[in-house]
2 protein chains.
Amino acid sequence: MADASRVVAIGAVSRRTGCPIETIRYYEKIALLPKPARTAGGHRLYRKGEVERLSFILRCRQLGFAIDEIRALLDLVDGGENSCTAVKAITEERLVDVRRKIADLRKLEGTLADMVAACGTGQVPDCPVIEALHAKP
Amino acid sequence: MADASRVVAIGAVSRRTGCPIETIRYYEKIALLPKPARTAGGHRLYRKGEVERLSFILRCRQLGFAIDEIRALLDLVDGGENSCTAVKAITEERLVDVRRKIADLRKLEGTLADMVAACGTGQVPDCPVIEALHAKP
DNA sequence: CTTGAATCTGTAGTCGCTACAGATTGTACC
DNA sequence: GGTACAATCTGTAGCGACTACAGATTCAAG
């Protein structure tokens, strides 16, 4: 028999990483995770490296990387060499994206705050929020 | 015949509002927009009020309101009275949400910027971005 | 009356999961 | 060995908010 003490079932992986079982299977289906070994009955068995790979994926997702970006990062990691520049490029793109989103949301925040503030006065004939929403750009 | 000069086809509405035709039909399907009049042949005909309603919806979407929130806002507008408080509540919820998202993104920005900066030094043995992604939370 | 643009309905795809249904397997206890 | 019950299996459908077709029809201009 193989060394059973070093493999874990999908439920244990889920508890350890906080990732739902369905999502682990989903990552396998879209080939972010390799197909794991199986018991005679067909249950998945994960080794340490596979759990680490999942953790890597989850951290990337927390940072807002899209699945395809993670795939690219993993390819670079798997490839091994000369990849630091490429990794940096992907990360910088992501940073630009985040900064753009922040700027967009700041504008929204301003508009929404103005609308709420106009309501606050409580002495308007018609609802200022609705008026604002009807206003032309 | 009805007054044809005051109705427009869906293509004209699309050009006027910048909203794709498919999306206009989609808003009708999910009942954000009323079913418009039709020509004998079945083409949709929109009147001024309907175009304004669409503009209202589009402005709400720009501000990040979810479809269900817009539905609630439209119900309040249609209802007519005593709704300013409710409108304000929906808008405030939205504002809280936007502020939370900004805070989240700021954290991301920090992490990503650190990672990129570490890359910039160019004197590390292994890729610092990959290391950061492998690090435990 | 013909041509070509516009519009019609309906369905399937996008992203990143999530939620089932219904069948099978693994494991602990007696 | 038997039995209960948890864990896991596969496969499919759904979410939000559209978007992208296919294939049929209708409209407007000349």
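Quick note on labels: first sequence line is chain A, next is B, and so on, each numbered from 1.
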Margin query: Quick check against the 3.5 Å criterion: does E50(B) have a side-chain atom that pairs as donor or acceptor with the backbone of R47(B)?
Written below: yes
Notebook entry, point to check: Hey, does the side chain of R94(A) reach the backbone of L63(A) with a donor-acceptor pair shorter than 3.5 angstrom?
Noted result: yes
So that I can tick it off, tell me whether [Y] and [X] are bridged by a salt bridge, with the cut-off set at under 4.0 angstrom between side-chain N and carboxylate O.
X       : Y       : result
R71(B)  : D68(B)  : yes
K101(B) : D104(A) : no
R100(B) : D97(B)  : yes

Please give, in whole Å, the distance from [N] [atom2] to [X] [atom1]?
X      : N       : atom1 : atom2 : answer
R44(B) : dC27(D) : CZ    : P     : 13 Å
H43(A) : dT27(C) : NE2   : C1'   : 11 Å
R61(A) : dC17(C) : CZ    : C1'   : 9 Å
L54(A) : dG16(C) : CG    : C1'   : 15 Å
L58(B) : dA17(D) : CG    : P     : 14 Å
I21(A) : dA6(D)  : CD1   : C1'   : 11 Å
Y46(A) : dA7(D)  : OH    : C1'   : 14 Å

Margin query: Expected output is a numbered-order residue list: members of residues 26-42 of chain B with a heavy atom under 4.0 Å from any atom of DNA chain C. What is it?
Written below: R38(B), G42(B)
Check: Which residues, if any, of residues 66-74 of chain A bring a heavy atom under 4.0 Å of DNA chain C?
Finding: A66(A), I67(A)
Check: Counting only non-hydrogen atoms, which of residues 11-20 of chain A are less than 4.0 Å from DNA chain D?
Finding: G11(A)
Next item on the list: May I ask you to verify if any side-chain N or O of T23(A) is less than 4.0 angstrom from the OP1 or OP2 atom of dG16(C)?
Entry: no
Min side-chain heavy-atom separation [X]-[Y] under 4.5 Å:
X      : Y      : result
V77(B) : F56(B) : yes
I57(B) : L74(B) : yes
H43(A) : I10(A) : no
Y26(A) : L32(A) : no
V13(A) : R44(A) : no

Item checked: Nearest-nucleotide pick for R25(B), side chain only, options being dC18(D), dT10(D), dT9(C) -> dT9(C)
Note to self: What's the closest nucleotide to the side chain of E22(B) if the choices are dA19(C), dC9(D), dT19(D)?
What the structure shows: dT19(D)
Next item on the list: Please determine which of V7(A), I24(A), L54(A) meets the side-chain contact (heavy atoms from CB on, under 4.5 Å) test together with Y46(A).
Entry: I24(A)
